[in-house]
Amino acid sequence: NDNHAWWEEERATDGSKWRFLEHKGPVLAPPYEPLPGHVRFFYDGKPMKLSAAAEEVATFFAKMLDHEYTTKDIFRKNFYKDWRKEMTSEEKSKITDLTKCNFTEMSEYFKAQSEARKQMSKEEKLENERILQEYGFCVMDNHKERIGNFRIEPPGLFRGRGDHPKMGMLKRRIRPEDIIINCSKDSKHPKPPQGTRWKEVRHDNKVTWLVSWTENIQGSIKYIMLNPSSRIKGEKDWQKYETARRLKKCVDRLRAQYRDDWKSKEMRIRQRAVALYFIDKLALRAGNEKEEGETADTVGCCSLRVEHIKLYPKMDDQEYVVEFDFLGKDSIRYYNKMPVEKRVFKNLQLFLENKQPEDDLFDRLNTSILNKHLQELMDGLTAKVFRTYNASITLQQQLKELTSPEESIPAKILSYNRANRAVAILCNHQRAPPKTFEKSMQNLQTKVPANQLCVCLCAWMMVEVKRKAVQRLEEQLMNLQMQATDREENKQIALGTSKLNYLDPRISVAWVKKWDVPIEKIYNKTQREKFAWAIDMAEEDYEF
DNA sequence: GGTCCAACTTAGCACATTGCTC
DNA sequence: GAGCAATGTGCTAAGTTGGACC
């Protein structure tokens, strides 16, 4: 039974994550297939046959030729360095300049290949389905569960986000000998491919992963874990929202506490209190320190530097304004101007004294200190709980404020999306405006007047006879107007992330039940699977 | 307290699929 | 039923957290 109600079962209390775990292991990346003879690589204008190893890495570059990445200096430098490591000594001496390398025939070949694949996708689809059925599920404690990512990441060129110092480096192929399998002792262990062995097979039920390997770019560990619909992920998700609800109960006390701490005579306590205020008010992330040169230069609250904020004693008609401008997770820019209380402002001025732009704003604070403090204030409290709490409470408040009983379903959905949007803005979940945005907006706009005309005409022509038809058109028009508004407001905002990770799904389920909105309008199939527990248990009177 | 590492959540983007319009 | 925009899914990078060890 794969859609069991795990939320009605008992939870283990001994820290074990499962009692039985059986799976088929990962799907390895397909082996490299050398290029057909007619697809050539040119060096300095002349065709050159590459060794298999060098050719494979060259194909990775060729596949990205259309991407802006391949024009970037760091990308090219890193790629070239790693590519040389795969060359024979002969190739090494011959190929001395990346600008003399011509990958266009390879690139064209791959484009043609992917075109061809689109045509014959039927058999391939069937094959994919077979692989999914064989490798995409596991058995964990009496239940068949969907696995999240059962394919090992194929080799290729690393693409970091933002200004990443390692972009272009070769992400090497993972062999069975690199892979650790985790399953229960009494299960049928997954078999490595003929003639190979796993690095290790272990039986650790204190963790949730099925497969792991170490990646060569950052040296970090990658995992195969279960799908969000699984018991093990769902329970954790549920727990996360329960922790946020406990914060709700004591947040007033905590806020009073950190406001009081702004006055502390100890610098470290004042810094901690101001940082916490930012985390609470602006939903900033904790901000761990990062190793320089290993990743893009991004920051969160605790790692903010002097150069990331500006203080304005007066700005327009406001006093004590702080301007934030920094790159956060995924190198997404955070820009905001916020008036703060005088005491916070004075503290910030103090923190900035005698510092260089590249110095830490909170030099007596880090995430570990902050989280230890939070733990003392409330069991299970960490910096990220504030994001969850503020996101969920905002959704609940906004839904209450924006929904009016008499409006139509499309209008209700617009209200829901607006509430969701308020959260996405709070959490700074941005996106680049879609490439086709202007055009699709125009399409929608031209449809609206046409429809309006239609409604008038119909109303005039068929006053009594076809009231129903007129009504339908009116509804259609309303629908289009709602869609247009929604889309315009959503131009640079990504709703998905908050919906999936920050909003207690029971708030949405309760709202849907209260106003008789079909759940499908709010959650698609995948989301309904992930939030099955909430859909089942939340009633219309649920309070976050 | 500081460093390192494992394990897990959160994130945007690329690509695939669906569904709407002509 | 072709073409294209909208929506959904997969991928994997980039965070947070806590515990071990010193």
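A note on names: the letters A, B, ... follow the listed sequences, proteins ahead of strands, and every chain is numbered from 1. Everything numeric here is computed off the predicted structure, so don't read it as measured data.
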Asp504(A), Asn390(A), Leu426(A), Val423(A) screened by side chain to side chain contact (heavy atoms under 4.5 Å, CB included) with Leu395(A), the one that passes:
Val423(A)

From the set dC8(B), dT10(B), dG12(B), return the single nucleotide nearest to any side-chain atom of Thr497(A).
dG12(B)

Quick one: which of dT9(B), dT9(C), dT12(C) gets closest to the side chain of Glu153(A)?
dT12(C)

If you check every side-chain atom of Lys384(A), which of dT9(B), dA14(B), dA14(C) has the closest atom?
dT9(B)

Please figure out whether Gly287(A) or Glu215(A) has its closest DNA chain C nucleotide nearer the 5' end.
Glu215(A)

Contacts of Asn371(A) and Thr526(A) projected onto DNA chain C by closest heavy atom; the upstream (5') one is Thr526(A)

Check if the side chain of Lys329(A) and the base of dT10(B) share a donor-acceptor pair of N or O atoms closer than 3.5 Å.
yes

Quickly work out the Lys521(A) NZ to dG8(C) C1' distance and round it to whole Å.
16 Å

What nucleic acid atoms does Pro154(A) come within less than 4.0 Å of, heavy atoms only: base, sugar-phosphate, or nothing?
sugar-phosphate

Considering only side-chain heavy atoms of Tyr502(A), which listed nucleotide, dC8(B), dA14(B), dT10(B), is closest?
dT10(B)

Going by an N to O cut-off under 4.0 Å, is there a salt bridge joining Asp237(A) and Lys240(A)?
yes

Base, sugar-phosphate, or nothing for Asp237(A), non-hydrogen atoms under 4.0 angstrom?
nothing

Residues, nucleotides or ligands: over 12 heavy atoms within 6.0 Å of Lys206(A) NZ
yes

What nucleotide, of dA7(B), dA13(C), dG18(C), holds the atom closest to the side chain of Thr382(A)?
dG18(C)

Between dG15(C), dT17(C), dC8(B), which nucleotide has the shortest distance from any of its atoms to the side chain of Thr298(A)?
dG15(C)

Output yes when at least one side-chain N/O atom of Lys166(A) is less than 4.0 Å from OP1 or OP2 of dA13(C), else no.
no

Are any of Asn524(A)'s side-chain N or O atoms less than 4.0 Å away from OP1 or OP2 of dT9(C)?
yes

Gap between atoms CD1 and C1', on Ile522(A) and dG8(C) respectively (whole Å)
16 Å

Choosing from dT16(C), dA6(B), dT12(C), which nucleotide comes nearest the side chain of Lys171(A)?
dT12(C)

Tell me what Arg146(A) touches on the nucleic acid: a base, only sugar-phosphate, or nothing, going by heavy atoms under 4.0 Å.
sugar-phosphate

Looking only at dA7(B), dT17(C), dA13(C), the nucleotide nearest the Val207(A) side chain is dA7(B)

Would you say the rings of His308(A) and Tyr334(A) are close, in the sense that their centroids are separated by under 6.0 Å?
no

Rounded interatomic separation in angstrom, taking OH from Tyr523(A) and C1' from dT7(C)
17 Å

Counting side-chain heavy atoms from CB outward, which of dT12(C), dC8(B), dG18(C) is closest to Arg161(A)?
dT12(C)

Taking the six-membered ring for Trp and the single ring otherwise, decide whether the centroids of Trp83(A) and Phe103(A) are under 6.0 Å apart.
yes

